[in-house]
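Below is one structure, written out as structure tokens; comments come after it.
In the text below, chain A, chain B and the rest are named by the order of the sequence lines, each starting its count at 1. The figures that follow rest on heavy atoms only: side chains count, while hydrogens, waters and symmetry mates do not. Not measured: the values here are computed from a predicted model.
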2 protein chains.
Amino acid sequence: MNIGSAAKASGVSAKMIRYYEEIALLPAAKRTASGYRDYGQSDVHRLQFIHRARDLGFSVERIRLLLQLWNDRKRPSREVKSIATAHIAEVEDQIRRMQGLLKTLRHLADACDGDGRPHCPILEDLAEQGRAH
Amino acid sequence: MNIGSAAKASGVSAKMIRYYEEIALLPAAKRTASGYRDYGQSDVHRLQFIHRARDLGFSVERIRLLLQLWNDRKRPSREVKSIATAHIAEVEDQIRRMQGLLKTLRHLADACDGDGRPHCPILEDLAEQGRAH
DNA sequence: CATAGACCTTCCCATCATTGGAAGGTCAAG
DNA sequence: CTTGACCTTCCAATGATGGGAAGGTCTATG
């Protein structure tokens, strides 16, 4: 299986497969006589794991840890859960931060008539130094 | 006022002030005889505007537009509002996407005992190819 | 068997906003 | 006059990804 087929089978682009190999998230692939990378079923499985974890927003570094635990059949589930929990906390933080922004932004947008006249509370707010608002 | 004072007064780091000048978000600053950048009150005001807009999550390119409108005393508020509205929509999208992630992540974390035993639904889910779940 | 075109390889560059640091010049207080 | 805190420019790195060039390989068809 060459890199293109592995990409199709796993949902990870060929570009990213090479990148993951470079940063040692994947072991260096076997090569054919002509130098093409050669993948097997277990490589695809690993790539699918990575793909799904990326979809869930895990960073590459956290995926590195998850892969190690995945390959360690005696890992305590505690360790996996703590990685997931840390990730959840970060996502929650980001959401909270953005909801704070949204509140302010909606407030400003609501106050702006959005018509042909120049008066605009949005610009006024940006200009008047950083009231918490 | 040198760049350090302007940074303190505006909340934008000296590094970023130079960068904003480089990308023409700011006009090139006047220079003293020895080559130091020299800022006045209106420069600081503009920097404060940028600072506040960045805090609200506006991209540099949108801030570029906002600054143009800010400097145009005859702009229609409609144009300002549409920039803000586009930004709001993007933030809302991101929040929705992350809330979707959270739901899945919490589900997985809840299913994992997080104890000393190896059984772990989180890893199982990542390994079993991308069910929507 | 030759050729086309769809692959593959490596290498470099760009993104976005920001920070870090090196090497060297300037300013102000002691 | 020295010291230390500034300033200057230039280069590099971040994280994950995509784009593209230059060149080699594979395969199907004429």
Side-chain angles (χ1 to χ4, degrees), chain A residues 1-26 28-40 43-44 47 49-67 86-87 90-91 94 97-98 101, chain B residues 1-26 28-40 43-44 46-47 49-67 86-87 90-91 93-94 97-98 101:
Chain A
M1 206 181 226
N2 63 21
I3 200 171
S5 315
K8 238 170 258 168
S10 66
V12 178
S13 74
K15 279 272 187 197
M16 289 314 296
I17 295 178
R18 293 194 196 95
Y19 172 68
Y20 291 152
E21 177 178 326
E22 189 190 323
I23 65 173
L25 197 62
L26 297 174
K30 279 175 311 218
R31 301 294 185 123
T32 66
S34 60
Y36 282 21
R37 284 176 182 80
D38 189 21
Y39 297 98
D43 299 301
V44 170
L47 281 167
F49 183 103
I50 295 172
H51 182 53
R52 172 110 177 102
R54 286 294 300 140
D55 270 1
L56 288 176
F58 283 99
S59 72
V60 163
E61 286 317 309
R62 284 218 171 104
I63 294 175
R64 197 185 297 279
L65 302 176
L66 290 172
L67 283 168
H87 180 45
E90 283 176 11
V91 175
Q94 260 188 290
R97 231 196 68 249
M98 288 199 288
L101 296 191
Chain B
M1 208 181 224
N2 63 22
I3 200 173
S5 315
K8 239 172 255 167
S10 66
V12 178
S13 74
K15 281 273 186 194
M16 290 312 296
I17 295 178
R18 293 193 195 96
Y19 172 69
Y20 291 150
E21 177 178 326
E22 189 189 324
I23 65 172
L25 198 62
L26 298 174
K30 280 177 309 220
R31 301 293 185 123
T32 66
S34 60
Y36 282 21
R37 286 175 180 81
D38 189 21
Y39 297 96
D43 300 301
V44 170
R46 194 174 171 97
L47 281 167
F49 183 103
I50 295 171
H51 182 52
R52 173 109 175 102
R54 285 296 298 142
D55 271 1
L56 288 175
F58 284 99
S59 72
V60 163
E61 287 317 308
R62 284 219 171 103
I63 294 175
R64 197 186 297 279
L65 301 175
L66 290 172
L67 283 167
H87 179 45
E90 284 177 11
V91 175
D93 271 8
Q94 259 187 294
R97 230 196 68 248
M98 287 199 291
L101 297 190

Indicate whether OP1 or OP2 belonging to [N] is found under 4.0 Å from a side-chain N or O atom of [X].
{"X": "R18(B)", "N": "dC10(D)", "result": "no"}
{"X": "R31(B)", "N": "dC7(D)", "result": "no"}
{"X": "Y20(B)", "N": "dT18(C)", "result": "yes"}
{"X": "S34(B)", "N": "dT8(D)", "result": "no"}
{"X": "R54(A)", "N": "dG15(D)", "result": "no"}

Atom [atom1] of [X] and atom [atom2] of [N]: how far apart are they, to the nearest Å?
{"X": "I63(B)", "N": "dA17(C)", "atom1": "CD1", "atom2": "C1'", "value": "10 Å"}
{"X": "M1(A)", "N": "dC8(C)", "atom1": "CE", "atom2": "C1'", "value": "16 Å"}
{"X": "N2(B)", "N": "dA5(D)", "atom1": "CG", "atom2": "C1'", "value": "11 Å"}
{"X": "Y19(A)", "N": "dT17(D)", "atom1": "OH", "atom2": "P", "value": "8 Å"}
{"X": "L25(A)", "N": "dT17(D)", "atom1": "CG", "atom2": "C1'", "value": "14 Å"}
{"X": "E21(B)", "N": "dT8(D)", "atom1": "CD", "atom2": "P", "value": "9 Å"}
{"X": "H51(B)", "N": "dA17(C)", "atom1": "NE2", "atom2": "C1'", "value": "14 Å"}
{"X": "Y39(A)", "N": "dT9(C)", "atom1": "OH", "atom2": "C1'", "value": "12 Å"}

key: Minimum-distance pair of heavy atoms, taken over all atoms of L25(A) and I50(A)   =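 Taking L25(A) first and I50(A) second, the nearest heavy atoms are CD2-CD1, 3.9 Å.
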
task = Mind listing the closest non-hydrogen atom pair of A6(A) and S10(A) along with its distance?
result =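 Taking every non-hydrogen atom into account, O-OG, 2.8 Å.
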
Rounded to the nearest 0.5 Å, how far does [atom2] of [Y] lie from [atom1] of [X]?
{"X": "R64(A)", "Y": "E61(A)", "atom1": "CZ", "atom2": "CD", "value": "4.0 Å"}
{"X": "F58(A)", "Y": "L67(A)", "atom1": "CZ", "atom2": "CG", "value": "11.5 Å"}
{"X": "R37(B)", "Y": "D43(B)", "atom1": "CZ", "atom2": "CG", "value": "12.0 Å"}

[options]: which one has an atom nearest the side-chain heavy atoms of [X]?
{"X": "Y36(B)", "options": "dG25(C), dC8(C), dA17(C)", "value": "dG25(C)"}
{"X": "K15(B)", "options": "dA17(C), dT19(C), dG21(C)", "value": "dG21(C)"}
{"X": "I3(B)", "options": "dC7(D), dA16(D), dC8(C)", "value": "dC7(D)"}

ask   = How do F58(A) and S5(B) order along DNA chain D: which one's closest nucleotide is nearer the 5' end?
value =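 Its nearest nucleotide lies further toward 5', so the answer is S5(B).
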
Residue met sooner reading DNA chain D from 5', once M16(A) and R37(B) are mapped to nucleotides =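 Going by which nucleotide is closer to the 5' end, it is R37(B).
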
